[in-house]
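Notes follow the structure.
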Amino acid sequence: MNPAAEKHDLIDPYGRVVRDLRISVTDRCNFRCQYCMPAEGMKWLPRSELLTFEEIERFARVCVDHFGFDGIRLTGGEPLVRAHLPKLVERLSSLGVNVALTTNGATLRLHAQSLADAGLSRINISLDSLQRERFLELTRRDELDRVLDGIDAALEAGLAPVKINAVMMRGINDDEILDFARFGRERNVFVRFIEFMPLEAGDVWNDKVVVPADEIIETLQAEFDLEPIVRGSEPAERWKYSDNSAEIGVIASVTKPFCATCDRVRLTAEGQFRTCLFAIDEFDMRAVLRGELNDTALIEEIERAVGTKWAGHSIGQVNFIRPKRTMSQIGG
Ligand code: SAM
Ligand code: SF4
């Protein structure tokens, strides 16, 4: 971070200070998860439309140096399909900010060490089933073994704590809650169960498919002795085991939205800025970045966008509108 730079809190209309940036580095992916992408026919963005590493770094630098952001997470699509990703991690971590990554883990064995060497501070690996056939059905790829090996590679590279994101869906994988807990305890990885959210891909979502966080915790408590961990501003509610060093958490985006403490904004792979995962409006930061405008213009555009951040997503209410983009196009 540039310690000399004066910081200006980026405050939204509801008084929340924005400090966390999620950057999608690509819309492409080597998986085709049922809830995220169709099996065939995805149309990818042309290369020229993606932000370059220089553009991403400039945007991030303004967020960190001017607005005092303290966290950046890289995501996608599958971020590891973007060539030379460790180079971007190195550029961003040299800004003095925590850099995290969300990945499906399939090619992590190849990249874990160079990501760690580049300064990656946190990693989340998505894994919705520990059963080979089910994993294949959910992701349309027979890659469970490679993902498990990717988790080992992340641990070997010292990227602890490794977190596992498991989206729970009723009648699809909710019989694996205890298996995931046992897996986390054995490998000392932190499992995060995520409530399934309504984003436009396929026809999978309806409120009956959501497995509420409270039900997940009850299932866990029937087998394990859990102690709650005092919650900060993070979306996960977390517990530790009384007899094991791993921890476990739930992200109750649907049944207990954490919008009131949301400090997050997003940049899509083609440079569209979004103030909420479910936002309808986008702000074209690529036009500003490519418009030969100075950083003041970028700062003003970010402030203008954050001035429109709404109170919350209103999932489950009559006024809720599903965004047209899926998670992979927004950057989950
Ligand atoms: N490809 C990477 C991966 O799968 O980790 C990064 C992008 S992916 C869109 C990010 C996360 O969003 C994954 O953990 C995925 O399970 C989650 N996700 C996608 N669609 C979702 C939905 N409708 N509800 C909840 N989580 C979702
Ligand atoms: Fe790819 Fe991640 Fe979407 Fe699965 S959830 S299709 S791995 S972007």
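This structure is a prediction, so every number in the text was calculated from the model and none was measured. The basis for the numbers below is simple: all heavy atoms, side chains too, and nothing from hydrogens, waters or symmetry mates. Every number for a ligand or one of its atoms is a count from 1 in the order of the listing.
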Taking the side chain as every heavy atom from C-beta outward, state whether Thr102 and Arg73 have any atom pair closer than 4.5 Å.
yes
Measure Cys33 to ligand 2 on non-hydrogen atoms and call it side chain, backbone, both or neither using the 4.0 Å cut-off.
both
Residue part near ligand 1, for Thr103, under 4.0 Å between non-hydrogen atoms:
backbone
Could you tell me whether Asn165 approaches ligand 1 through its side chain, its backbone, both or neither, with non-hydrogen atoms closer than 4.0 Å?
side chain
Is there a nitrogen or oxygen of Glu78 sitting under 3.5 Å from a nitrogen or oxygen of ligand 1?
yes
Counting from 1, what ligand 2 atoms have a heavy atom of Gly77 closer than 4.0 Å?
8 (S)
Strictly below 4.0 Å, N to O, side chains only: are Glu282 and Arg266 in salt-bridge contact?
no
Geometric N/O contact Tyr35 with ligand 1, under 3.5 angstrom:
yes
Interfacing atoms of ligand 1 (cut-off 4.0 Å, heavy-atom, Phe196)
22 (C), 23 (N), 24 (N)
Please determine if Glu40 and Arg32 form a salt bridge, counting it only when a charged side-chain N lies under 4.0 Å from a carboxylate O.
no
N or O contact, Glu195 vs ligand 1, cut-off under 3.5 Å:
no
Which one of Leu138, Asn104, Val147 satisfies the side chain to side chain contact (heavy atoms under 4.5 Å, CB included) criterion with Leu127?
Val147
One finds that the ligand 1 atoms under 4.0 Å from a non-hydrogen atom of Thr75 are 6 (C), 7 (C)
Among Gly77, Pro198, Cys29, closest by heavy atom to atom 1 (N) of ligand 1 is Gly77
Not counting sequence neighbours, which residues clear side chain to side chain contact (heavy atoms under 4.5 Å, CB included) with Glu300? List them please.
Thr296
Minimum side-chain heavy-atom gap Arg264-Pro235 below 4.5 Å
yes
Measuring to atom 4 (Fe) of ligand 2, does Cys36 have an N/O/S atom at a distance below 2.8 Å?
no
Taking the cut-offs as 6.0 angstrom to the six-membered ring centre and 45 degrees off its axis, would you call Arg274 and Phe283 a cation-pi pair?
no
Quick one: which of Ser126, Gly105, Ser24, Gly76 has a heavy atom closest to atom 11 (C) of ligand 1?
Ser126
Fit a plane to each ring of Phe180 and Phe193, take the angle between them on a 0 to 90° scale, and name the class: parallel (under 30°), tilted (30 to 60°) or perpendicular (over 60°).
perpendicular
To the nearest 0.5 Å, how far apart are CZ in Phe67 and CG in Leu10?
5.0 Å
Distance-only N or O hit between ligand 1 and Met197, under 3.5 Å
yes
